[in-house]
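Beneath this line is the structure, given in C-alpha cells, with notes to follow.
A quick note: this is a predicted structure, and the numbers were derived from the prediction, not measured. Chain letters run A, B, ... following the sequence lines, proteins first, then strands; residues in each count from 1.
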Amino acid sequence: MSDQRELAAQFDQLAALMEITGANGFRVSAARRVARVLQEFDGDLRELAETPGGLEAMDGIGKGSAERIRQWCRTGRLEGRDRIAAEVPDGLIGLLDISGLGPKTVGRLWREAGVTDTATLREAINDGRLASLPRMGAKTIANISDSLDFAAKAAQRTSIGAALPLATQLCAALASVPGTTRIDWAGSLRRGCETIGDIDLLAISGDPTCLIAAFTTQPGVTKVLAAGDTKASVRLNDQIQIDLRVVPEQEFGAAWLYFTGSKEHNVALRHRAQQRNLRLNEYGLFPDDGEESPPQDRGKRPIASQTEQDIYEALELPWRPPELRESRDGITEPPPDLITVEDICRDLHTHTTASDGHLSIRDMAEEAIRRGFDSLAITDHSRSSVQANGLDADRLRSHIEAIREVDASLPEITLLAGSEVDIHADGRLDYDDEILAMLDIVVASPHAALKQSPDDATARLIEAASHPLVHIIGHPTGRMIGRRPGLEPDMRALCAAAAAHGTALEINANPKRLDLCDRHVRIALECGGLISINTDAHQAGHFDFLRYGVLTGRRGTLTAEACINAWPLSRLLEWLDRGS
DNA sequence: GCCGTTTTCGGCCCGACTGTTTTCAGTCG
C-alpha cells in the first residue's frame with residue numbers, strides 16, 4: 001500500500017475515534033477531509049512532505065495536519081491517533097458501519113454498556129444490558145440486531161457491474177406503476193463509481209403513495225427500512241439497500257442534483273449559492289431571505305429547480321457531467337467534452353475458443369457487427385498463460401491465418417489479428433519480435449508476478465510500453481476490485497513512458513477490473529497519453545462491459561480524441577503501423 | 001481543523017424519517 005493510502009486510513013480511523021469520543025464535528029470533518037485528499041494524491045508523499053509549503057498547498061491540509069503528516073513520515077506514527085486509540089477500543093470503529101448506529105450511540109454503548117466491538121454488542125443485546133439503557137426501546141434494539149445480522153452476511157459494496165443492471169431493471173418495473181412519469185437513478189451509480197454502497201432512485205409521480213407502496217412491496221424486498229410520504233428505503237434480497245425519493249416534476253432537477261452528489265460537490269454548490277445570497281436545497285435554488293426555516297415551507301418560489309442545467313446556470317456555472325462531480329473536481333472549470341458509448345467504434349482486446357474464450361472467430365466478429373463496430377481485434381492469450389490455453393508460436397501462426405480468412409469473408413468489418421502477450425516479471429514479452437511483427441496489433445498485459453515491488457513493476461511495465469511492437473498495455477495493474485490490489489507502479493513514470501512511445505494504456509472495462517482506474521486515466525491524459533477502452537470479451541455478453549469502461553474513462557476526463565477506439569478506422573490503421 | 005474577493009475570527013449544507021418521548025435527538029444521505 002502506498003504511503004498516502006496507509007496514512008489516509010489512519011486519518012479516517014482517527015476521525016472515527018474522535019467522533020465516538022464526542023469531538024467537535026468540524027474537527028472530525030477536517031480529519032476526514034485530510035484522509036480524502038491523501039487518498040486522491042498520486043505523487044510521492046515523502047517528497048511533497050520535504051518540499052517547504054508543499055503539503056499546505058493542498059486544499060484541506062492546514063498547518064496542523066501538515067506537521068502531523070511530516071511527523072508520520074519521520075516516525076511512522078500519527079500523533080493523536082495512538083493516544084486516542086489507547087483510550088478507545090479499535091473495534092468500535094467497525095460499529096459505525098452498522099446501519100442505524102452513529103457515533104453518539106456507539107459512544108453510549110461503549111461507556112454505558114461496555115460494548116467494544118460487534119461481538120460484545122451481540123452479547124449486550126442478548127443479556128438485556130442494552131434494554132436497560134435510556135432511549136433504548138425494543139424497536140431500536142431489534143433494528144440494531146437486524147443490522148448486525150445484515151452486516152455479517154452482506155458484501156460491503158456492490159460492483160457497478162451488478163448495480164447498474166439491477167437499477168435498470170428496478171426502474172423499468174417501477175415506471176409502470178400508475179402515476180409515475182419518470183424514474184431514474186442518482187447517487188454514486190450515476191456518477192459511475194466502480195463500487196456502489198446503495199442504489200438511489202428518484203421518481204416523478206402524481207401518486208407518490210401508490211409508488212412507494214409498490215416499491216416497498218416489490219418482489220425481493222427483505223426489509224422495509226423506512227417508508228414515508230415522499231421517501232422510502234428497502235433492503236433487496238438481503239444484499240443491497242435501495243432508496244426511493246418521489247418529487248414533483250418542477251423539483252426534479254434540484255432533487256437529482258442533490259441526490260447525485262457527491263457530498264463534496266453539493267457542499268461546493270451550496271457555498272457558491274451562499275456567496276450569491278442564494279440558498280440551495282433539494283427543492284430548488286431560492287433567494288436567501290435570512291430566515292432560518294426552509295424557504296419552500298414558507299411558500300417561497302425557487303429561481304431554478306426543474307432541471308440541473310437551470311440550477312448550474314443560475315449559479316453562473318457550467319453544467320457538469322455526474323462523473324466529474326467528485327471532491328477532486330472543481331466547479332468553475334468548464335468540463336471537457338467527455339467520451340460516450342456511441343463514440344466507440346471497436347473493441348481491441350477480445351478472446352476466442354483458440355485460448356479461453358467461448359466463441360469462434362466468426363461468432364465474435366458477427367457479434368461485433370451486431371453491435372455496430374467497424375473493426376475488432378482478436379487477441380488470444382500467449383503461450384505462458386497456460387491456464388488460459390495460451391497459444392505457442394505455431395498455433396499462433398495458424399490462428400493468424402484463420403483470422404485473415406474470416407476477415408476476408410466479412411466485408412462489414414475489419415478483423416485485426418492480434419495477441420494478448422504476457423509481460424514477464426522482468427519486462428520481457430512472451431513472443432519473439434519476429435512473431436510479434438506478424439501481428440496487426442499487440443496488447444501486452446501482466447498476468448503473473450502481480451505482487452512484485454513497485455520499483456520492479458514500474459521497470460517491468462515501462463519496458464513493455466517502450467517496446468516498438470507493442471500497441472497497448474492491457475489491464476496495466478492486474479488488480480481485481482475487492483480481491484487483489486495488483487501492481488502498484490509509479491503511474492506517472494509509466495504514463496510518461498507510454499506517451500513518449502505512443503503506446504496506449506487500456507481501460508479494461510470488465511467491472512471486476514476497471515484497470516486503469518479513473519485516477520490513473522487522469523494521469524495518463526495529463527502526460528499526453530492515449531487510452532484504449534476494451535472489454536476483454538470472452539463471450540458475447542461481455543461486450544456489454546463497454547459502458548463501465550466508458551464511465552471510468554469519463555471519470556478520468558477522457559475525450560473521444562484521446563481514445564483510439566473512437567478514432568476513424570483509417571486513423572487507427574495508420575497508428576497501428578507506426579514504427580514497424 | 002480549515003478557510004478567507006465581507007480574511008486572522010467566526011462559520012462550517014440541509015432536510016426526511018424513526019423511535020421514544022411529549023418536543024426532539026440521532027442517523028442518513
Side-chain angles (χ1 to χ4, degrees), chain A residues 11 14-15 18-19 22-37 55-69 79-80 95-109 131 133-144 147 186-189 191 196-202 208 212 216 224-233 241-247 251 254-255 257-286 288 292-297 332:
Chain A
F11 266 101
L14 174 63
M18 285 166 68
E19 218 174 8
N24 175 302
F26 297 114
R27 297 177 71 170
V28 173
S29 317
R32 291 238 155 80
R33 185 154 179 217
V34 172
R36 214 169 41 234
V37 170
L55 289 167
E56 288 89 341
M58 306 224 278
D59 232 16
I61 298 186
K63 252 178 148 175
S65 298
E67 195 37 55
R68 289 158 99 180
I69 294 170
E79 194 207 292
L95 293 183
L96 293 174
D97 291 333
I98 308 288
S99 164
L101 288 187
K104 295 277 189 343
T105 311
V106 170
R108 278 185 56 209
L109 292 176
L133 299 183
R135 289 193 69 91
M136 201 50 84
K139 236 170 172 174
T140 303
I141 293 174
N143 281 341
I144 293 175
S147 295
S188 52
L189 183 58
R191 301 200 310 277
I196 308 298
D198 51 26
I199 294 177
D200 299 297
L201 302 179
L202 186 66
I212 285 182
T216 53
V224 178
L225 298 158
D229 295 337
T230 62
K231 186 178 157 177
S233 293
Q241 182 177 327
I242 322 282
D243 297 340
L244 171 69
R245 190 71 177 242
V246 189
V247 300
E251 290 169 7
L257 181 62
Y258 181 84
F259 290 108
T260 296
S262 63
K263 206 171 154 189
E264 293 78 18
H265 185 69
N266 288 350
V267 169
L269 291 183
R270 280 173 206 285
H271 188 67
R272 176 89 171 183
Q274 280 181 334
Q275 287 173 332
R276 284 165 170 64
N277 275 323
L278 299 169
R279 187 162 159 182
L280 179 63
N281 60 28
E282 65 252 56
Y283 299 96
L285 182 65
F286 298 86
D288 190 359
E292 216 179 283
S293 63
Q296 70 277 2
D297 291 353
T332 51

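- Atom C1' of B/dG11 sits at a distance of 30 Å from the matching atom of B/dT18, rounded to the whole Å.
- The outermost nucleotides of DNA chain B lying under 4.0 Å from heavy atoms of chain A, listed 5' to 3', are B/dG1 to B/dG29.
- Here A/L14 lies out of heavy-atom contact (under 4.0 Å) with every strand.
- For the P atoms, the distance from B/dC9 to B/dG15 is 31 Å, rounded to whole Å.
- Between B/dT8 and B/dC3, the distance separating the two P atoms is 16 Å to the nearest Å.
- Pairing partner, B/dC14: B/dG29, with both Watson-Crick or wobble hydrogen-bond distances short of 3.5 Å.
- DNA chain B is contacted by both A/G62 and A/V106; A/G62 maps to the nucleotide lying nearer its 5′ end (nearest heavy atom per residue).
- Using a 4.0 Å heavy-atom criterion, one finds that A/A23 contacts no nucleic acid atom at all.
- One P atom belongs to B/dT21, the other to B/dG26, and the distance between them is 13 Å to the nearest Å.
- Among the protein residues, A/A273 comes within range of no part of the nucleic acid, since none of its heavy atoms lies under 4.0 Å from any strand.
- Separating the C1' atom of B/dG29 from that of B/dC13 is a span of 12 Å, rounded to the nearest Å.
- Across all strands shown, A/S65 has heavy atoms under 4.0 Å from sugar-phosphate atoms exclusively, and none from any base.
- Under the 3.5 Å distance criterion, the side-chain polar atoms of A/R272 are left unmatched by any main-chain donor or acceptor of A/T332.
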Begin with the C-alpha distance, continue with both residues' side-chain angles, and end with the deciding distance and a verdict on side-chain contact (heavy atoms from CB on, under 4.5 Å) for A/R68 and A/V34.
-> CA-CA 11 Å; A/R68 289 158 99 180; A/V34 172; over 6 Å; no
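- Residue A/T230 is classed as a sugar-phosphate contact, given heavy-atom separations below 4.0 Å to backbone atoms only.
- Both A/K263 and A/E56 lie close to DNA chain B; mapped to their nearest nucleotides by heavy-atom distance, the more 5′-ward contact belongs to A/E56.
- Residue contacts for A/N281: at a heavy-atom cut-off of 4.0 Å it reaches the sugar-phosphate backbone alone, with no base atom in range.
- Looking at heavy-atom distances under 4.0 Å, A/L269 makes no contact with the nucleic acid at all.
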Side-chain donor-acceptor contacts of residues 57-65 of chain A below 3.5 Å, not counting sequence neighbours, with atom names and distances?
none

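- Here A/Q296 lies in heavy-atom contact (under 4.0 Å) with sugar-phosphate atoms only.
- B/dA16 and B/dG10: their P atoms are spaced 32 Å apart (whole Å).
- For B/dT6 and B/dG1, the P atoms lie 28 Å apart once the distance is rounded to whole Å.
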Run the side-chain donor-acceptor check on residues 135-143 of chain A: report pairs under 3.5 Å with partners two or more places apart or on a different chain.
none

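- The C1' atoms of B/dA25 and B/dT20 are separated by 10 Å, rounded to the nearest whole Å.
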